[in-house]
Asks: 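First the structure, which I've put down as structure tokens, then a few questions once you've had a look.
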Amino acid sequence: MSAALTCSAADLSSLLGPNATAAAEYICGQLGTVNNRFTDAAFAIDNTYLLFSAYLVFSMQLGFAMLCAGSVRAKNTMNIMLTNVLDAAAGGLFYYLFGYAFAFGGSSEGFIGRHNFALKDFPTLTSDYSFFLYQWAFAIAAAGITSGSIAERTQFVAYLIYSSFLTGFVYPVVSHWFWSPDGWASPFRSPEDRLFGTGAIDFAGSGVVHMVGGIAGLMGALIEGPRRGRFEKSGRAIALRGHSASLVVLGTFLLWFGWYGFNPGSFAKILVPYESGSSYGQWSGIGRTAVTTTLAGSTAALTTLFGKRLLSGHWNVTDVCNGLLGGFAAITGGCSVVEPWAAIVCGFVAALVLIGCNKLAEMVQYDDPLEAAQLHGGCGAWGLIFVGLFAKEKYVNEVYGAAPGRPYGLFMGGGGKLLGAQFVQILVIAGWVSATMGTLFFILKKLDLLRISEKDEMAGMDMTRHGGFAYMYYDNDDESHRATQLQRVEP
């Protein structure tokens with residue numbers, strides 16, 4: 001610890017009088033030292049806040065693992081948990097080598113970054129290692145979303161390939177467009193260069209993270225096709241239920257907890273006053289963001305609860321958990337720029353979007369074991385539209401920098417320019433991810449590297465690919481166990 005600063009009359013007495021210049025230099029030097037200490041403290045506080053947020057976001061990987069494990073049949077538990085571990089591990093290496101540079105490495109075209117590969121010439125004046133860690137946690141979250149869509153039927157090598165490609169290239173390019181200061185659609189660009197004068201606002205990633213992961217999963221599941229037994233020849237859907245509602249609920253609460261790093265943490269700094277000398281500053285915005293996140297998820301959960309009760313006649317905990325997460329995915333894009341009451345609207349509509357997307361998926365015989373494409377893709381898209389409707393002028397200027405005449409939400413009196421930018425974001429993300437990930441999954445299918453054999457799928461990947469079951473448990477649709485049970489009861 002550095003020595004304490006001292007400045008007393010005794011220190012100054014010998015310098016006063018004719019030597020006033022020296023006294024002034026001494027005093028100014030001491031004040032400069034104090035100022036430097038305050039600056040150092042501010043950097044330390046902001047970096048500590050960002051690191052803590054990164055840890056929270058990383059903890060969501062455990063939430064994804066538990067949610068995925070509970071949502072698949074027991075015979076595939078070990079497989080889906082291993083893929084979640086490797087999403088983080090492979091994502092860490094490839095984001096370090098390529099992803100961060102493509103996302104935030106600085107560019108002159110606004111399309112892709114081209115500096116800081118393997119963190120060369122890093123840290124920079126604007127970014128430190130805490131920022132890299134935080135962005136890596138976001139990248140692997142997108143990969144974790146995709147793994148749920150193609151669960152229970154995908155070869156292990158395909159997971160490794162798509163996860164590396166998504167975190168090392170596809171996701172970073174999208175995050176560069178909307179989050180890098182020089183991205184072509186970034187709201188941080190100079191006013192004359194912003195898309196429609198505003199740029200697309202996606203604060204914590206309804207589009208950048210959730211739509212990217214959801215659409216990547218959509219392409220994989222469409223190219224692979226549904227799980228065997230999911231739909232009858234007549235087209236009637238057969239429920240292939242996950243084996244543990246307990247794991248689903250555990251995973252949901254872990255994700256809820258991690259979302260307080262995902263959304264409030266996206267401010268990156270906490271020690272930023274909005275009004276100097278007052279109690280109102282970025283810390284207030286962070287608190288408001290945590291509140292809007294909570295309200296949107298809670299509203300979506302309750303809406304899903306009663307909506308599914310009317311449709312199916314049951315109080316289904318898994319549906320409620322998915323509804324809750326759908327509300328979170330939707331509010332993520334606008335959590336910092338909307339009022340708490342608007343977050344309730346966001347969550348309510350997000351639940352309806354999720355229910356509608358699930359109905360549509362069933363009609364077209366689309367199979368997604370975790371509803372990831374519907375939840376993250378559908379609710380993420382709604383979240384971007386929501387920003388264009390409900391973003392408040394005051395909050396937009398606080399978060400993205402005050403600018404006279406800057407567009408904000410249509411329903412808040414800000415015109416339609418921001419809404420237009422949000423629709424552009426939806427279209428370009430859908431097009432980019434479909435083109436890149438769709439091509440990758442198609443190539444993997446042609447090389448016979450995508451889907452496992454029918455025999456392995458029916459037996460379960462834990463036994464055929466990973467050397468044994470995660471634990472002794474029998475699914476309702478396990479024909480071999482059913483036959484064994486019948487033999488035991490026969491005389």
Side-chain angles (χ1 to χ4, degrees), residues 36-61 86-144 163-190 193 199 202-205 208-209 212-213 258 261-272 282 399-401:
N36 289 338
R37 294 296 180 86
F38 278 119
T39 301
D40 295 343
F43 278 121
I45 291 170
D46 286 337
N47 273 275
T48 301
Y49 174 72
L50 188 57
L51 276 173
F52 180 71
S53 298
Y55 304 152
L56 285 177
V57 177
F58 179 70
S59 73
M60 296 175 78
Q61 291 302 118
L86 290 176
D87 280 339
L93 184 61
F94 280 86
Y95 197 74
Y96 162 75
L97 291 173
F98 310 107
Y100 182 84
F102 289 147
F104 297 101
S107 71
S108 57
E109 303 85 12
F111 176 76
I112 190 170
R114 54 180 181 173
H115 301 289
N116 305 125
F117 289 98
L119 295 187
K120 184 180 179 181
D121 301 323
F122 195 83
T124 67
L125 292 175
T126 57
S127 301
D128 208 334
Y129 290 107
S130 55
F131 184 72
F132 166 82
L133 192 74
Y134 188 69
Q135 294 302 329
W136 159 72
F138 269 62
I140 61 176
S163 181
S164 302
F165 185 60
L166 183 66
T167 55
F169 179 65
V170 177
Y171 166 84
V173 171
V174 176
S175 58
H176 183 80
W177 293 348
F178 303 104
W179 285 350
S180 175
D182 53 5
W184 65 268
S186 171
F188 297 105
R189 291 175 72 96
S190 58
D193 294 331
D202 186 8
F203 182 71
V208 174
V209 178
V212 168
F262 206 94
N263 286 2
S266 290
F267 279 91
K269 297 180 179 181
I270 189 170
L271 204 60
V272 179
Q282 193 139 288
V399 175
Y400 292 98

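Residues take their numbers from the sequence shown, with the count starting at 1.
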Asks: Taking it one step at a time, do Tyr129 and Leu119 satisfy side-chain contact (heavy atoms from CB on, under 4.5 Å)?
Replies: CA-CA 9 Å; Tyr129 290 107; Leu119 295 187; 4.0 Å; yes

Asks: Could you tell me the separation between the CG atom of Leu166 and the OH atom of Tyr171, rounded to the nearest 0.5 Å?
Replies: 9.5 Å

Asks: Please find the pair of heavy atoms, one from Val209 and one from Ala142, that lie closest to each other, and give the distance.
Replies: O-CB, 4.0 Å

Asks: Would you call the rings of Phe262 and Phe138 parallel, tilted or perpendicular, taking 30° and 60° as the class edges?
Replies: parallel

Asks: For the ring pair Phe111 and Trp184, is the centre-to-centre distance below 6.0 Å?
Replies: no

Asks: Tell me, do Ile140 and Gln61 make a side-chain contact under 4.5 Å, heavy atoms counted?
Replies: yes

Asks: List the atom of Ala137, the atom of Val57, and the distance in Å for their closest heavy-atom pair.
Replies: CB-CG1, 3.6 Å

Asks: Do the side chain of Ser186 and the main chain of Gly183 share a donor and acceptor less than 3.5 angstrom apart?
Replies: no

Asks: Ignoring hydrogens, what is the shortest heavy-atom contact between Ala185 and Phe178? Give both atom names and the distance.
Replies: CB-CE2, 3.5 Å

Asks: At their closest point, which heavy atom of Pro172 faces which heavy atom of Thr167, and how far apart are they?
Replies: CG-O, 3.1 Å

Asks: Return the orientation label for the Tyr100 and Phe131 ring planes: parallel under 30°, perpendicular over 60°, tilted otherwise.
Replies: perpendicular

Asks: Should Phe267 and Val399 count as side-chain neighbours, where that means a heavy-atom distance under 4.5 Å?
Replies: yes

Asks: Does any part of the side chain of Asp182, heavy atoms only, come nearer than 4.5 Å to the side chain of His176, both counted from C-beta?
Replies: yes

Asks: If you define the side chain from C-beta out and look only at heavy atoms, does anything of Pro187 sit under 4.5 Å from Trp179?
Replies: no

Asks: Give, for atom OG of Ser164 and atom CG of Leu93, the distance between the pair rounded to the nearest 0.5 Å.
Replies: 8.0 Å

Asks: Specify the closest pair of heavy atoms between Asp87 and Ala143, including all atoms of both residues, with the distance to one decimal.
Replies: OD2-O, 3.6 Å

Asks: Hey, would you say the Phe117 and Phe102 ring centroids sit under 6.0 Å apart?
Replies: yes

Asks: For Gly205, is there any backbone N or O sitting under 3.5 Å from a side-chain donor or acceptor partner on Asp202?
Replies: yes

Asks: What pair of heavy atoms forms the shortest contact from Lys269 to Gln282, and how long is it?
Replies: O-NE2, 2.8 Å

Asks: Spell out, as yes or no, whether a donor-acceptor pair under 3.5 Å connects the side chain of Tyr134 to the backbone of Leu50.
Replies: no

Asks: Are the side chain of Arg189 and the backbone of Pro181 linked by a donor-acceptor contact shorter than 3.5 Å?
Replies: no

Asks: Does atom CZ (Phe52) have a neighbourhood of more than 12 heavy atoms from anything else shown, all under 6.0 Å?
Replies: no

Asks: Indicate yes or no for a side-chain donor-acceptor contact from Asn47 to the backbone of Phe43 under 3.5 Å, with no hydrogens or angles considered.
Replies: yes

Asks: Counting the benzene-type ring for Trp, do Phe98 and Phe169 have ring centres under 6.0 Å apart?
Replies: no

Asks: Tell me whether the rings of Phe188 and Tyr400 are parallel (<30°), tilted (30 to 60°) or perpendicular (>60°).
Replies: tilted

Asks: If only side-chain N and O atoms count, and only distance matters, is there a donor-acceptor pair under 3.5 Å linking Asp128 with Ser130?
Replies: no

Asks: Just one of Phe58, Phe94, Tyr55 clears the ring-ring contact (aromatic ring centres under 6.0 Å, His included) bar with Trp136, so which one?
Replies: Phe58

Asks: List the steps and the verdict of ring pair (Phe, Tyr, Trp, His ring centres under 6.0 Å) for Phe104 and Phe132.
Replies: CA-CA 9 Å; Phe104 297 101; Phe132 166 82; over 10 Å; no

Asks: Using modelled atom types only, decide if a donor and an acceptor are shared between the side chain of Asp46 and the backbone of Ile270 within a distance under 3.5 Å.
Replies: yes

